[in-house]
Amino acid sequence: MALAPPSTRSLLLSSKANNIPLSSATGFTVMHNDLPLLITNWHVVSGRNPITGQPMAASGATPDTLTIRHLTKVTSEEINWDDFDEPLIDNEERPLWFEHPDYGRRVDVVALPLTNTQGVHIQPYGPEVMKSTLRAGVSDWVNIIGFPFGQSAGGSLPIWTKGAIASELEVDYGLLPCFLIDARTRQGQSGSPVLAYSPGGATEMAGGKTGFLSGPAGNLLGVYSGRINSESDIGRVWKFNAVAEIIVAHHRGDNSLHGKG
């Protein structure tokens with residue numbers, strides 16, 4: 001079974017409060033010191049609007065558990081998934097995720113250490129996608145790889161959405177480590193990896209020249225977190241350097257804004 005590598009790396013998420021589903025979203029994994037971390041949005045794990053801090057569910061509930069649909073088997077002929085629960089708060093109701101050490105929830109990204117991985121086939125993004133291999137600038141195409149409305153593309157494989165970079169990557173949008181894309185994204189794609197991707201062949205490279213790739217390559221540019229306005233197709237992407245800062249700092253989430261609702 002020949003699959004594009006990113007198709008096995010996006011994970012379907014479901015946030016729950018007292019075992020009642022609240023919303024669906026997307027995440028992916030990276031490794032740090034040989035430990036797997038789930039990367040997704042702050043608003044996904046907190047159940048709160050990152051600007052106002054208010055609960056997003058009509059009931060006012062905020063999640064205590066995140067269900068992750070992990071790969072359990074990947075072979076040339078077969079691919080399987082199963083659901084695994086991860087707690088979001090400890091016994092003292094403190095968040096278990098790490099958030100940005102300087103900006104907190106203003107950077108709508110978290111890293112959640114994974115504890116329930118027995119039998120899981122972890123497919124993390126590694127150093128090869130952190131390099132600026134492919135051209136990525138204003139008007140260039142990117143891929144948002146996730147689960148709009150919680151839907152998959154068969155089995156539990158993600159759906160690829162294409163969009164264009166809509167702001168200068170070297171300039172932070174809103175004075176935060178963020179850039180904009182123009183893409184028809186929808187609910188459930190929050191937490192999706194955003195990649196410049198080539199399946200191989202003749203490809204525009206970062207240096208401005210055209211290269212020939214013998215296989216697929218990609219740059220992980222950041223984490224998608226939703227549109228700037230419900231009437232707009234312009235969405236935010238948090239730059240991957242902000243994700244790296246979260247991973248290294250290990251700064252626990254802000255307990256003052258978390259509650260079971």
Side-chain angles (χ1 to χ4, degrees), residues 11-28 37-68 85-115 144 146-150 172-178 180 185-194 222-232 234-239 242-243 245-247 249-261:
L11 303 172
L12 177 61
L13 310 179
S14 176
S15 62
K16 297 179 179 179
N18 297 319
N19 212 34
I20 298 174
L22 296 178
S23 66
S24 63
T26 303
F28 59 93
L37 298 169
L38 178 79
I39 307 300
T40 190
N41 294 139
W42 185 90
H43 76 259
V44 170
V45 296
S46 69
R48 295 177 179 271
N49 183 303
I51 297 174
T52 66
Q54 295 302 305
M56 295 188 299
S59 65
T62 57
D64 51 39
T65 304
L66 193 66
T67 298
I68 306 171
D85 286 342
E86 289 284 350
L88 292 174
I89 53 177
D90 63 17
N91 292 333
E92 297 177 356
E93 299 191 2
R94 297 182 306 167
L96 293 171
W97 63 80
F98 303 130
E99 58 189 45
H100 199 278
D102 299 320
Y103 297 111
R105 75 174 195 259
R106 293 178 66 201
V107 170
D108 189 15
V109 178
V110 299
L112 178 70
L114 296 180
T115 60
I144 307 95
F147 300 90
F149 305 111
D172 288 343
Y173 172 72
L175 302 179
L176 293 168
C178 177
L180 301 176
T185 49
R186 294 296 183 264
Q187 179 183 349
Q189 288 172 280
S190 292
S192 296
V194 177
V223 185
Y224 182 77
S225 73
R227 292 175 285 163
I228 61 172
N229 184 289
S230 61
E231 302 300 318
S232 174
I234 304 298
R236 294 181 180 88
V237 179
W238 298 98
K239 298 178 181 180
V243 179
E245 291 167 355
I246 292 170
I247 292 169
H250 276 211
H251 178 75
R252 286 279 292 270
D254 185 353
N255 186 50
S256 67
L257 283 171
H258 188 83
K260 287 189 176 182

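Note that this is a predicted model, so its numbers are computed, not measured.
- Residues T40 and L112 have side chains not in contact (no heavy-atom distance under 4.5 Å, counting atoms from C-beta outward).
- A 4.5 Å side-chain heavy-atom check between P177 and V107 finds at least one atom pair inside the cut-off.
- If you run side-chain contact (heavy atoms from CB on, under 4.5 Å) between H100 and each of R106, H251, E245, R105, only E245 comes through.
- Two residues are said to be in side-chain contact when any heavy atoms from C-beta on lie closer than 4.5 Å; V45 and L38 fail this criterion.
- Contact record, S190 with H43: OG-NE2, 3.2 Å, taken as the closest heavy-atom pair.
- With S192 contributing its side chain and Q189 its backbone, the two residues share a donor-acceptor pair below 3.5 Å.
- Taking 4.5 Å as the limit, every side-chain heavy atom of P63 sits out of range of all side-chain heavy atoms of K16.
- Of all heavy-atom pairs between M56 and R48, the closest is CG-C, 3.7 Å.
- Qualifying ring-ring contact (aromatic ring centres under 6.0 Å, His included) partners for H250, counting only residues two or more places apart in sequence or in other chains: H32, F98.
- Between K239 and D172 there is a side-chain heavy-atom pair separated by less than 4.5 Å.
- For D64 (side chain) and N18 (main-chain N/O), a donor-acceptor pair under 3.5 Å exists by modelled atom type.
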(message) Walk me through whether F28 and V223 qualify under side chain to side chain contact (heavy atoms under 4.5 Å, CB included).
(response) CA-CA 9 Å; F28 59 93; V223 185; 3.9 Å; yes

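- Put simply, OG on S14 and CG on L22 are 7.5 Å apart, with the number rounded to the nearest 0.5 Å.
- The residue from L66, L88, D90 that alone fulfils the side-chain contact (heavy atoms from CB on, under 4.5 Å) condition with L96 is D90.
- Counting heavy atoms from C-beta outward, W42 and S225 have side chains that stay 4.5 Å or more apart.
- Few gaps surround CZ on R186; more than 12 heavy atoms of other groups in view lie less than 6.0 Å from it.
- Residues L176 and W238 form a side-chain contact, since some pair of their non-hydrogen atoms from C-beta on lies under 4.5 Å apart.
- E86 approaches P113 most closely through the heavy-atom pair OE1-O, 4.0 Å.
- Checked against Y224 for a side-chain hydrogen bond (donor to acceptor under 3.5 Å, both in side chains), the options T185, T26, N41, D108 give a single hit: T185.
- In this structure, the side chains of I246 and L37 stay at 4.5 Å or more apart for every pair of heavy atoms.
- Once rounded to the nearest 0.5 Å, the distance linking CZ of R236 with CZ of R227 reads 11.5 Å.
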